[in-house]
Amino acid sequence: MDEEVHEVQAEAEKLQKGWGQGVFSQAYQMLRKEREEQAREAQEKKSAAVLTIEFTQESGRVVTLEADGRNVLQQTQMALRKESVSEEVAFKSAVSASMVIGQGDDARTYTCSMDELVLDKEQEKQWKQLGQDANGLRLQLKFIRRTHGVKTAFTLGDIRATVPPRDAAMGSASATTPSSQAS
């Protein structure tokens, strides 16, 4: 890149005395902005989190929901992806969740599950916690009741995620795939 900048600077000097310095300055400003943008994008990727939740209903049907977040620490709100917003789950199902934070070699994965999640068909809105381990993934899930005649199902209205602090995770050998189980 430096060679290119110097070539353009030399060409500009040939055209008019003093132009080379202006071109040199502009080229380095552009280069600096480009590098700052790359550093910002790398930081965003490093802090990006993808949550996948699978509800396995008694019928065997599996409903998969995905949500995104950034800088997940304690009770961080996750945003459901557009295709997951209208997905409905039964009042009774097994649930498993995994969250991947970061990308590549720096990626960390946290999981939690619940063998039997039972929602109250009479309540319009209700919060349930998935995961109890302080060293693993914990989710607070807000369910909203939907009725279709006699059939009652639930959609996910809100997700709050908590993961252990990174330095606590780095201290243990199983830090790359912590796991928690709720009963």
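Counting from 1, the numbers follow the sequence of the chain as shown.
Considering all non-hydrogen atoms of both residues, E83 and E87 come closest at O-CG, 3.8 Å. The two residues G131 and C112 have their closest heavy-atom pair at CA-CB, 3.9 Å.
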Using a 3.5 Å cut-off and no angle test, enumerate the donor-acceptor pairs between side-chain atoms of residues 148-157 and protein atoms at least two apart in sequence or in another chain.
{"residue": "H148", "atom": "NE2", "partner": "E88", "partner atom": "OE1", "Å": "3.1"}
{"residue": "H148", "atom": "NE2", "partner": "E88", "partner atom": "OE2", "Å": "2.8"}

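With sequence neighbours excluded, the residues satisfying side chain to side chain contact (heavy atoms under 4.5 Å, CB included) with V85 are L80. Under the salt bridge (charged side-chain N to carboxylate O under 4.0 Å, His left out) criterion, K125 pairs with no residue at all, not counting sequence neighbours. Legend: residues meeting salt bridge (charged side-chain N to carboxylate O under 4.0 Å, His left out) with D68, ordered by chain and number and at least two apart, are R81. Scored by the side chain to side chain contact (heavy atoms under 4.5 Å, CB included) test, N71 finds S47 as partners (sequence neighbours excluded). In this view, E122 satisfies the side chain to side chain donor-acceptor pair (under 3.5 Å) rule with no residue, not counting sequence neighbours. A search for side chain to side chain donor-acceptor pair (under 3.5 Å) contacts involving Q140 returns Q129, not counting sequence neighbours. For E36, the side chain to side chain contact (heavy atoms under 4.5 Å, CB included) criterion is met by R32, not counting sequence neighbours. Scored by the side chain to side chain contact (heavy atoms under 4.5 Å, CB included) test, E54 finds V62, T64, S96 as partners (sequence neighbours excluded). With sequence neighbours left out, the salt bridge (charged side-chain N to carboxylate O under 4.0 Å, His left out) criterion links E58 to K92. E124 is linked by a salt bridge (charged side-chain N to carboxylate O under 4.0 Å, His left out) to R145, counting only residues two or more places apart in sequence or in another chain.
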Stepwise side-chain contact (heavy atoms from CB on, under 4.5 Å) test for V89 and Q57
CA-CA 8 Å; V89 297; Q57 300 173 4; 4.1 Å; yes

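Taking the side chain as every heavy atom from C-beta outward, Q77 and D158 approach each other to under 4.5 Å. Side-chain contact between E66 and I53 is absent, with no heavy-atom pair separated by less than 4.5 Å. Here the side chains of F91 and L117 are not in contact, with every heavy-atom distance at 4.5 Å or above. Between T162 and L139 there is no side-chain heavy-atom pair separated by less than 4.5 Å. Looking only at side-chain heavy atoms (C-beta outward), F143 and Q123 stay at 4.5 Å or farther from each other. Side-chain contact check for Y110 versus I101: some heavy-atom pair is nearer than 4.5 Å.
L65 and V100 fall into different hydrophobic clusters, defined by Ile, Leu, Val, Met, Phe, Trp and Tyr side-chain heavy atoms under 4.5 Å apart, directly or through other members. Both V95 and V118 belong to a single network of hydrophobic side chains, linked directly or stepwise wherever heavy atoms of I, L, V, M, F, W or Y lie under 4.5 Å apart.
Donor-acceptor pairing under 3.5 Å is lacking for the side chains of Q126 and D120.
The structure places CE of M78 at 11.0 Å from CG of L141, a figure rounded to the nearest 0.5 Å. Remark: L137 CG to T109 OG1 distance equals 10.5 Å, nearest 0.5 Å.
Put simply, the residue from T111, T52, V50, V72 that forms a side chain to side chain contact (heavy atoms under 4.5 Å, CB included) with M99 is V72.
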